[in-house]
Amino acid sequence: MAKNKIFSSLIDNKRESSGLIMTSVLVAVGVNMLSTGIVDLLGLRFGFQIKEVILITIGIFLSLGVLAWNAWTNFRRLNQTKKFEGFIIYDEINHKIISVPEYTISTDMAQYQQWASSENKALEKLWKEDNISQFRNFRGKIDQNLLNTLTQSGTLLTELLEYCLIEKLSLHLTDYYNKFDGKLKVQEFQKTDIPQVLLTNRFLRLFSEDMINRESFMCLSNNFNDENDDCSTVCVLNSSGAYYHKFDLTLPENSKITRKNKNEIIIDTPILTLSLTSLFSGFSTALPHDFYKYYLRSASQHYTSLHDYKFNVEISVKFKLTSLFMRKKMDVYYSWIDSFLDEITEYMEKDRFFDKIDWNAIHALIYCTNNISHLVPKN
């Protein structure tokens, strides 16, 4: 599988720029010598001062021109948007997301939907009130993505997709920065630090709410002496299906988290801006032939209640001009970006999932096996 190299491209570009500076210096010296030779050869004598000005001016403009043009073209090429396409299988009768084995995001979405519905009956009712595929398009503010007026269940699905994305980022950042044993200057965002982001995602708001404030965890209330006793608890799933997960997002110092749109989160750091966009348009996707039958073990009479939909995630990385002057030791603060994109590919990319389970080979084997069974004479 091809690895993502957005941030490493910045590092490579800086190395190339260093080489270019040395090249430009040599070119400038060569131009200077050539200009001197031409002036002497043609016998053009303007006087020492005029000649020096001409040579210096030519050298400066050539060197700066080459450097500026190269830096600008390379810098623009560094900004990239990675697009991921995934799918869900939805039971239209029971209004539930079906968990697909080995397809991690579908398992997570099915579990989160179940846990949220177990604790919050209002959310369960919203899932059942309408169809997730009913939409009406409208455009938001200038330069924002085309949005949809979703049904309540469609809106919940978009928020659920976003929650999966945020959770994956949170865990990835925690694992990454923990390798440095607190030696890096980072900033930990708690739920109180991002109220704008938190309040608009009902799954994030529900699952991160302190257990002491939730009726489903009253059985654990005796374990907490005060409101801060559960701060060290990271994750809890009780017998009733209620789920708690402490929200934590570790980023470089002086970072900010905002919401640009209903489905877009912006993470602004000193050298780059990362945007996470969750998109669900209600369109069907094309799954391989016999996938329901052989992989999901779904009986033919159940096919009519199952419907497959596609979703998209866009992750954009835009570097700031300050990134070109970033000190070498700052690289470690941002090297997680490439590995995060690789992890998201494994987590939700549709094509990657079918490659991972080697569906083409499996389907061919099933097809051949069925043919052989028909050729064997029956006693």
Side-chain angles (χ1 to χ4, degrees), residues 4 6-7 9-10 75-86 105 138-148 150 155 157-174 176-177 185-205 207-208 247-281 311-324 326 330 333-345 347-348:
N4 290 284
I6 292 182
F7 185 76
S9 296
L10 173 66
F75 182 73
R76 291 181 60 188
R77 191 169 61 245
L78 289 173
N79 296 332
Q80 296 184 43
T81 298
K82 294 292 184 179
K83 298 182 179 181
F84 306 88
E85 180 179 328
I105 191 171
F138 76 95
R139 185 166 294 281
K141 298 179 181 179
I142 298 176
D143 297 330
Q144 291 182 345
N145 290 323
L146 183 68
L147 300 178
N148 295 311
L150 311 178
T155 302
L157 183 60
T158 305
E159 292 178 21
L160 179 56
L161 174 59
E162 182 182 77
Y163 178 74
C164 291
L165 190 60
I166 294 173
E167 276 294 287
K168 208 66 179 174
L169 177 61
S170 173
L171 293 173
H172 187 85
L173 288 171
T174 299
Y176 177 81
Y177 285 116
K185 296 180 180 180
V186 295
Q187 181 177 359
E188 292 189 6
F189 289 86
Q190 306 293 331
K191 65 174 186 176
T192 53
D193 300 320
I194 54 167
Q196 183 185 16
V197 177
L198 184 66
L199 292 176
T200 51
N201 190 301
R202 283 167 283 190
F203 292 93
L204 183 57
R205 185 172 69 233
F207 293 149
S208 64
F247 177 80
D248 182 85
L249 200 62
T250 307
L251 292 167
E253 274 189 336
N254 301 317
S255 297
K256 297 178 182 179
I257 304 176
T258 57
R259 182 178 289 282
K260 179 180 179 181
N261 213 329
K262 290 183 178 180
N263 60 339
E264 184 176 4
I265 293 175
I266 303 295
I267 297 176
D268 187 69
T269 73
I271 74 160
L272 61 85
T273 299
L274 184 75
S275 68
L276 309 172
T277 306
S278 304
L279 302 167
F280 178 66
S281 57
F311 62 80
N312 298 91
V313 166
E314 295 181 1
I315 301 179
S316 298
V317 180
K318 293 183 178 180
F319 291 96
K320 301 178 180 179
L321 286 174
T322 52
S323 64
L324 295 176
M326 180 181 63
M330 294 293 293
Y333 284 89
Y334 300 94
S335 295
W336 54 267
I337 294 175
D338 292 339
S339 57
F340 173 64
L341 293 173
D342 291 337
E343 187 171 354
I344 291 299
T345 301
Y347 182 57
M348 65 174 59

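Predicted model, so just to flag it, every value in this text is computed and none were measured. Start at 1 with the first residue, then count along the sequence. Values below: all heavy atoms of this structure, side chains included; hydrogens, waters and symmetry mates excluded.
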Using every non-hydrogen atom in the two residues, find where Met348 and Ile105 come nearest and quote the distance to one decimal. CE-CD1, 3.5 Å
Minimum side-chain heavy-atom gap Thr250-Glu188 below 4.5 Å: yes
Could you tell me which residues satisfy salt bridge (Lys or Arg N to Asp or Glu O under 4.0 Å) with Arg202, sequence neighbours excluded, listed by chain and number? Glu159
Should Leu165 and Ile265 count as side-chain neighbours, where that means a heavy-atom distance under 4.5 Å? no
Is a donor on one side and an acceptor on the other found under 3.5 Å between the side chain of Thr174 and the backbone of Ser170? yes
If we only count heavy atoms from C-beta on, is the Phe84 to Ile315 side-chain gap below 4.5 Å? yes
Report yes if the side chains of Ser278 and Tyr163 come closer than 4.5 Å at any heavy-atom pair, otherwise no. no
Identify the heavy atoms of Glu264 and Thr277 that sit nearest to each other, and give their distance. CG-OG1, 3.4 Å
Kindly write out the residues that satisfy side chain to side chain donor-acceptor pair (under 3.5 Å) with Thr200, not counting sequence neighbours, or none if the list is empty. Arg259
Check whether any side-chain heavy atom of Tyr334 lies under 4.5 Å from a side-chain heavy atom of Val317, and answer yes or no. no
Of all heavy-atom pairs linking Thr81 and Glu314, the shortest is CG2-CB, 4.3 Å
When you compare the side chain of Leu173 with that of Val186, does any pair of heavy atoms fall below 4.5 Å? no
Rounded at 0.5 Å granularity, tell me how far CD1 in Ile257 sits from CG in Leu249. 4.5 Å
Is any side-chain heavy atom of Phe247 closer than 4.5 Å to one of Ile194? yes
Atom CG of Leu169 and atom OH of Tyr176: how far apart are they, to the nearest 0.5 Å? 13.0 Å
Rounded to the nearest 0.5 Å, how far does SG of Cys164 lie from CD1 of Ile344? 9.5 Å
To the nearest 0.5 Å, tell me how far Ile337 CD1 sits from Leu272 CG. 4.5 Å
For the NZ atom of Lys82 and the CG atom of Leu341, what is their distance to the nearest 0.5 Å? 7.0 Å
Dump the intermediate steps for side-chain contact (heavy atoms from CB on, under 4.5 Å) on Glu162 and Phe203, then the final yes or no. CA-CA 9 Å; Glu162 182 182 77; Phe203 292 93; over 6 Å; no
Between Asp193 and Pro195, what is the shortest heavy-atom contact and its length? C-CD, 3.4 Å
Applying the side-chain contact (heavy atoms from CB on, under 4.5 Å) criterion to Phe280, which one of Asn312, Thr158, Asn263 satisfies it? Thr158
Among all residues two or more places apart in sequence or in another chain, which pass the ring-ring contact (aromatic ring centres under 6.0 Å, His included) test with Phe340? His172
Would Phe189 and Val197 satisfy side-chain contact (heavy atoms from CB on, under 4.5 Å), going step by step from the backbone distance to the final call? CA-CA 12 Å; Phe189 289 86; Val197 177; over 6 Å; no
Lys/Arg-Asp/Glu bridge criterion (N-O < 4.0 Å) met for Lys260, Asp268: no
Side-chain contact, heavy-atom cut-off 4.5 Å: Tyr333 with Pro270? no
Between the OG1 atom in Thr273 and the NZ atom in Lys318, the distance rounded to the nearest 0.5 Å is 8.0 Å
